[in-house]
Amino acid sequence: ILSGSVRLDGMQVDQDRRWAIIWQLSLLGDKNAENIRTQELIRDRSSSGKRSAIAAEAAQPDLDVKKKWFNEIMNEGSTQPLADLKAAMYSLFPRGQEEIAAQFEEEFYKLLPSVAAKKSNEFLTPVASSLVPPLCSERSIKSIGNFIASQNALPQVVIRGLQAAKDEDQRCFKARTVAGQGMKKG
């Protein structure tokens with residue numbers, strides 16, 4: 001589809017759709033995703049293209065890539081533009097990469113109070129809502145709750161983001177539990 005050798009009737013493959021396909025390839029760990037992303041960035045030199053490439057890179061199920069972006073995001077002195085950091089934040093811990101995300105849980109909670117004391121609400125909103133590793137487990141739900149309860153100096157925007165992440169984890173855990181019960185009955 002990206003090369004144009006396959007066409008689907010009625011489907012326009014515009015630039016946004018091209019990046020969406022590349023993001024999916026990266027998310028799935030396709031061996032050609034990095035090369036495809038690099039070539040697409042040459043084709044699309046816009047700021048949106050740059051952010052899409054960052055998002056696709058961050059979505060890879062690759063621990064070293066995740067560390068690179070996590071450290072850049074949580075670095076209080078980062079000089080990366082906020083738009084670029086947000087692109088990485090929103091793609092860093094997608095569902096399905098829980099084992100990788102779990103490796104960042106302790107460090108996230110360790111760094112968050114310091115980062116929250118120094119960064120703007122515009123930065124903290126996506127940090128609090130998207131960097132909480134989405135583990136979809138009882139343990140992670142408790143971890144988020146315990147962290148919120150232990151922090152009395154976090155800005156409200158962070159508390160709201162953490163609570164939203166906890167609520168999402170609860171929904172995910174409940175859905176998995178119900179789905180598992182249905183599979184046992186069937």
Side-chain angles (χ1 to χ4, degrees), residues 19 22-31 33-38 40-41 45 47-137 139-148 150-151 153-166 168-169 172:
W19 280 116
I22 294 165
W23 188 89
Q24 272 306 133
L25 291 170
S26 293
L27 175 73
L28 297 171
D30 183 279
K31 62 183 172 116
E34 185 173 349
N35 184 49
I36 293 168
R37 186 180 68 249
T38 301
E40 194 66 23
L41 193 53
R45 294 183 181 271
S47 58
S48 176
K50 178 184 176 192
R51 288 189 302 275
S52 294
I54 289 169
E57 179 185 10
Q60 294 178 84
D62 180 306
L63 184 60
D64 290 333
V65 171
K66 303 283 188 200
K67 283 180 181 177
K68 169 191 149 185
W69 280 109
F70 180 85
N71 291 335
E72 186 63 34
I73 293 163
M74 298 303 279
N75 176 358
E76 296 167 20
S78 175
T79 58
Q80 288 276 349
L82 181 57
D84 293 355
L85 293 175
K86 283 181 177 182
M89 284 183 220
Y90 290 129
S91 292
L92 200 58
F93 298 129
R95 292 275 179 219
Q97 295 181 5
E98 287 85 359
E99 288 183 21
I100 295 172
Q103 296 178 53
F104 293 87
E105 184 178 25
E106 185 179 321
E107 189 73 6
F108 173 74
Y109 291 129
K110 179 180 149 194
L111 295 174
L112 184 58
S114 174
V115 171
K118 295 177 175 92
K119 294 287 191 168
S120 70
N121 283 352
E122 184 180 9
F123 176 86
L124 294 173
T125 298
V127 165
S129 63
S130 62
L131 287 192
V132 176
L135 305 180
C136 195
S137 70
R139 189 191 62 71
S140 68
I141 295 165
K142 287 179 184 172
S143 291
I144 297 169
N146 290 342
F147 181 78
I148 292 170
S150 73
Q151 301 295 313
L154 288 176
Q156 278 303 304
V157 68
V158 173
I159 298 295
R160 281 192 303 271
L162 292 172
Q163 188 60 52
K166 179 183 170 201
E168 181 59 31
D169 236 24
C172 178

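- Between atom CD1 of residue I22 and atom CD of residue E34 there is a gap of 12.5 Å, rounded to the nearest 0.5 Å.
- Residues L112 and Q151 form no side-chain contact, since every pair of their non-hydrogen atoms from C-beta on lies 4.5 Å or further apart.
- The shortest heavy-atom contact between S26 and A56 is CB-O, 3.0 Å.
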Can you check salt bridge (Lys or Arg N to Asp or Glu O under 4.0 Å) on D62 and K31, steps first, answer last?
-> CA-CA 12 Å; D62 180 306; K31 62 183 172 116; over 6 Å; no
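- Using a 4.5 Å heavy-atom cutoff, the side chains of D84 and R51 are in contact.
- Without hydrogens or angle criteria, E40 side chain to T38 main chain gives no donor-acceptor distance under 3.5 Å.
- At least one side-chain heavy atom of R95 sits under 4.5 Å from a side-chain heavy atom of E98.
- Applying the side chain to side chain contact (heavy atoms under 4.5 Å, CB included) test between L85 and each of I73, V127, N75 identifies I73 as the sole match.
- Across all non-hydrogen atoms, the minimal contact from P126 to Y90 is CB-OH, 3.3 Å.
- Under 3.5 Å, the side chains of K66 and Q97 contain a donor-acceptor pair of N or O atoms.
- The distance from the CG atom of L41 to the CH2 atom of W19 is 5.0 Å, given to the nearest 0.5 Å.
- Side-chain atoms of S140 and E105 form no donor-acceptor pair, as typed in the model, at a separation below 3.5 Å.
- For the atom pair L28 CG and Q60 CD, the distance stands at 11.5 Å (nearest 0.5 Å).
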Criterion side-chain contact (heavy atoms from CB on, under 4.5 Å) on M89 and W69, from CA distance to verdict: CA-CA 8 Å; M89 284 183 220; W69 280 109; over 6 Å; no
Passes side-chain contact (heavy atoms from CB on, under 4.5 Å), V157 versus F123? Steps please.
CA-CA 10 Å; V157 68; F123 176 86; over 6 Å; no
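- In this structure, CD1 on I144 lies 8.5 Å from CZ on F108, to the nearest 0.5 angstrom.
- When all heavy atoms are compared, the tightest approach of A53 to R37 is O-CD, 3.1 Å.
- At least one donor-acceptor pair under 3.5 Å links the side chain of S150 to the backbone N or O of F147.
- Heavy atoms only, all atoms of each residue included: P113 and K110 are closest at CD-O, 3.7 Å.
- Distance check: R160 CZ to T125 OG1 gives 7.5 Å after rounding to the nearest 0.5 Å.
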Any chance you could lay out the side-chain contact (heavy atoms from CB on, under 4.5 Å) test for M74 and L131, step after step, and finish with the verdict? CA-CA 10 Å; M74 298 303 279; L131 287 192; 3.9 Å; yes
(Q) Let's go through L154 and I148 carefully: what are the C-alpha distance in whole Å and the side-chain angles of both, what is the deciding distance for side-chain contact (heavy atoms from CB on, under 4.5 Å) to 0.1 Å, and is it a yes or a no? (A) CA-CA 9 Å; L154 288 176; I148 292 170; over 6 Å; no
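- Taken to the nearest 0.5 Å, the CG atom of D169 stands 11.5 Å off from the CG atom of L162.
- For E76, the CD atom counts as densely surrounded, since its 6.0 Å shell holds more than 12 non-hydrogen atoms of other residues, nucleotides or ligands.
- Between E107 and K67 there is no side-chain heavy-atom pair separated by less than 4.5 Å.
- Side chains of I100 and P61 form a contact here, defined as non-hydrogen atoms less than 4.5 Å apart.
- Closest non-hydrogen pair, A88 versus A58, comes out as O-CB, 3.8 Å.
- Minimum interatomic distance between W23 and S91 (heavy atoms only, all atoms of both residues): NE1-OG, 2.9 Å.
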